[in-house]
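Please read these numbers as outputs of a predicted model, since none were measured by experiment.
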Amino acid sequence: FNSFPATLANKSRGGVMFIVGQAFDQGTPVLMRSRPLGDECADETWQKGIYAEVVWCQGPQAPFAEFLYQVGAKYFNTA
């Protein structure tokens, strides 16, 4: 598998939007994980990983700087 550093821009009950330097195809499965930063503790669920599927990917545009993509993904239903 491949690993790409990304920045979480928005999250909701149904999914997330993240900023990354790599384009993703619609339907691509992704595993998102978070690390604690400094004294902060990331949510344990995010440390273990959350599975989602890419719904859309938008190419570079302001205000997210050159070469960064906005990616929307919906969580997999694990029930």
So which atom in [X] and which in [Y] form the shortest heavy-atom distance, rounded to 0.1 Å?
| X | Y | answer |
| --- | --- | --- |
| Tyr69 | Gly21 | CD1-C, 3.9 Å |
| Ala6 | Phe18 | CB-CD1, 3.8 Å |
| Asp25 | Thr28 | O-OG1, 2.7 Å |
| Val71 | Cys57 | CG2-SG, 3.9 Å |
| Ile19 | Gln70 | CD1-CG, 3.6 Å |
| Gly27 | Glu53 | CA-OE2, 3.4 Å |

Query - Residue pair Met17, Trp56: steps toward the side-chain contact (heavy atoms from CB on, under 4.5 Å) verdict - result: CA-CA 9 Å; Met17 193 270 273; Trp56 55 267; 3.5 Å; yes
**Report entry** Pairwise side-chain contact, Ile50 with Leu31, heavy-atom cut-off 4.5 Å (strictly under)
**Finding:** no
Report task. First locate atom CD of Gln22, then atom OG of Ser3, and finally report the distance between them rounded to the nearest 0.5 Å. Result -> 11.5 Å
Requested in this report: Walk me through it: do Val30 and Val54 pass the test side-chain contact (heavy atoms from CB on, under 4.5 Å)?
Outcome: CA-CA 7 Å; Val30 292; Val54 172; 4.0 Å; yes
Query raised in the report: Does Phe24 have its ring centroid less than 6.0 Å away from the ring centroid of Phe4?
Result: yes
Query raised in the report: Between the side chain of Tyr75 and the main-chain N/O of Ser12, is any donor-acceptor distance below 3.5 Å?
Result: yes
